[in-house]
Amino acid sequence: MKIIKDKNTLHKEILKNNGISFIPTMGGLHKGHVSLIKHSKKSKLKILVSIFINPKQFNKKSDFMSYPRNTKKDIKLLKKLKINYLYMPSFKDIYGFKPKNKIFLDNASKKLCGKFRKGHFEGVLNVVNRFIEIIKPKYIYLGKKDYQQLYLIKKHIEKKKIKSKIIECKTIRENNGVACSSRNLNLDKNQMKIASNIFFYLSNLKKKIKKNYNLLNINKIKKELINLGADKIDYLENYNIKSFKKVKKSNEKFNIFFAYYIKNTRLIDNI
Ligand code: PAF
C-alpha cells in the first residue's frame with residue numbers, strides 16, 4: 001500500500017492504471033468501510049482509499065474537533081486489507097485549486113440533515129467534486145447509512161454528466177443493530193445500548209407500519225425515542241427512497257430517516 005499526500009504524486013501513480021475504485025472516508029474506519037473495500041475488490045481495479053476530515057462539512061467547530069481520529073489504527077487496517085493507495089491530502093491539496101465543475105445541489109439537500117446542519121451538504125459535494133476531478137475514479141463506493149449524502153452525490157454526478165459510477169452498498173450494522181459509524185467510537189457501553197434499543201424499536205415498528213400505514217405516528221415515535229434514552233431528536237421523517245419526496249400512498253417504498261443525540265454524539269440512520 002502506497003501512502004500519498006499530494007495530488008501530483010497521486011497523478012503519477014494512478015495514471016498508470018486502467019481505472020480506479022475509490023472509497024472516500026474521513027477515517028475512524030469501521031466494519032462499514034471494510035465492507036465497502038471488500039466490495040470494491042470485485043471491480044479488479046486498483047483500490048484507492050482517502051482519509052480526509054473535511055472541515056467544510058462540519059457546521060460546528062466542536063463537532064469537527066471531536067470527530068474520531070485514529071490514523072495509526074486506520075493505516076494498519078488498510079494495509080491488512082491490501083488496498084493499493086491511501087490518499088491523505090492536506091487542506092491545500094484539496095482546496096488549493098479551482099474545480100472545473102460547479103457543485104449541483106438537488107432540492108433534497110434542504111431536508112433532514114440539510115435543515116439541521118447548515119452548509120453540510122455544500123461541504124460534502126464540494127470535497128467529493130474535488131476528489132472526482134483529482135482521481136477520476138471509475139467507481140465510487142458509498143454506504144446507504146448516509147442515504148441523503150448518497151442521493152445528492154448521485155444527483156450531482158448525473159447533472160454534471162460525470163463518468164464515475166456510484167456503487168451503493170448496504171448499511172453494515174453492529175451485532176446489536178446499530179449502524180456502523182465512526183461516531184460510535186464516542187459512545188460508551190450504556191449509550192451503545194440506548195442506540196441498540198432505538199434501532200430495534202424502529203425496525204420492529206417499520207415492519208408493522210408496512211402492514212398498516214396508520215401506525216405511523218411521528219410524534220408518538222419521537223416521544224418513545226426520548227423514553228428509550230435519546231437526549232434530543234433532530235428529525236424523524238419518512239420519505240420515498242426513490243424520489244426523496246413525502247410518502248403519499250401506503251404502498252410506496254419508503255424509509256424512516258432519523259437523527260438524534262445521545263449526550264453530545266449525533267447519530268443518523270434510516271430503516
Ligand atoms: O461519508 C463520509 O465519510 C464523508 O461525508 C465523505 C463522503 C468522505 C466526504 O467527506
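Computed from a predicted structure; not experimentally measured. These numbers come from the heavy atoms of this one structure, side chains and all, not from hydrogens, waters or symmetry mates. Counting starts at 1 for both ligands and their atoms, following the listed order.
Tested against L267 for a side chain to side chain contact (heavy atoms under 4.5 Å, CB included), the candidates F199, Y261, Y260 yield a single pass: Y260.
Looking at Q149, M26, Q57, it is Q57 that brings a heavy atom closest to atom 9 (C) of ligand 1.
Rounding to the nearest 0.5 angstrom, the gap separating the CZ atom in F97 from the CD atom in E133 is 5.5 Å.
An N or O contact shorter than 3.5 Å is missing between T25 and ligand 1 by distance. Considering backbone and side-chain N/O of N54, none are found under 3.5 Å from N/O of ligand 1.
Relative ring orientation between Y87 and F131 is described as perpendicular, the plane-to-plane angle rising above 60° on a 0-90° scale split at 30° and 60°.
Every atom of ligand 1 with a heavy atom of P24 under 4.0 Å away is listed here by number and element: 8 (C). Listed by number with element, the atoms of ligand 1 under 4.0 angstrom from any heavy atom of V127 are 9 (C), 10 (O).
Stacking of K111 on the aromatic ring of F244 is not recorded, the 6.0 Å distance cut-off and the 45° axial limit not both being met.
Other residues sharing a hydrophobic cluster with L185 under the 4.5 Å side-chain heavy-atom criterion for ILVMFWY residues do not exist; the residue is a singleton.
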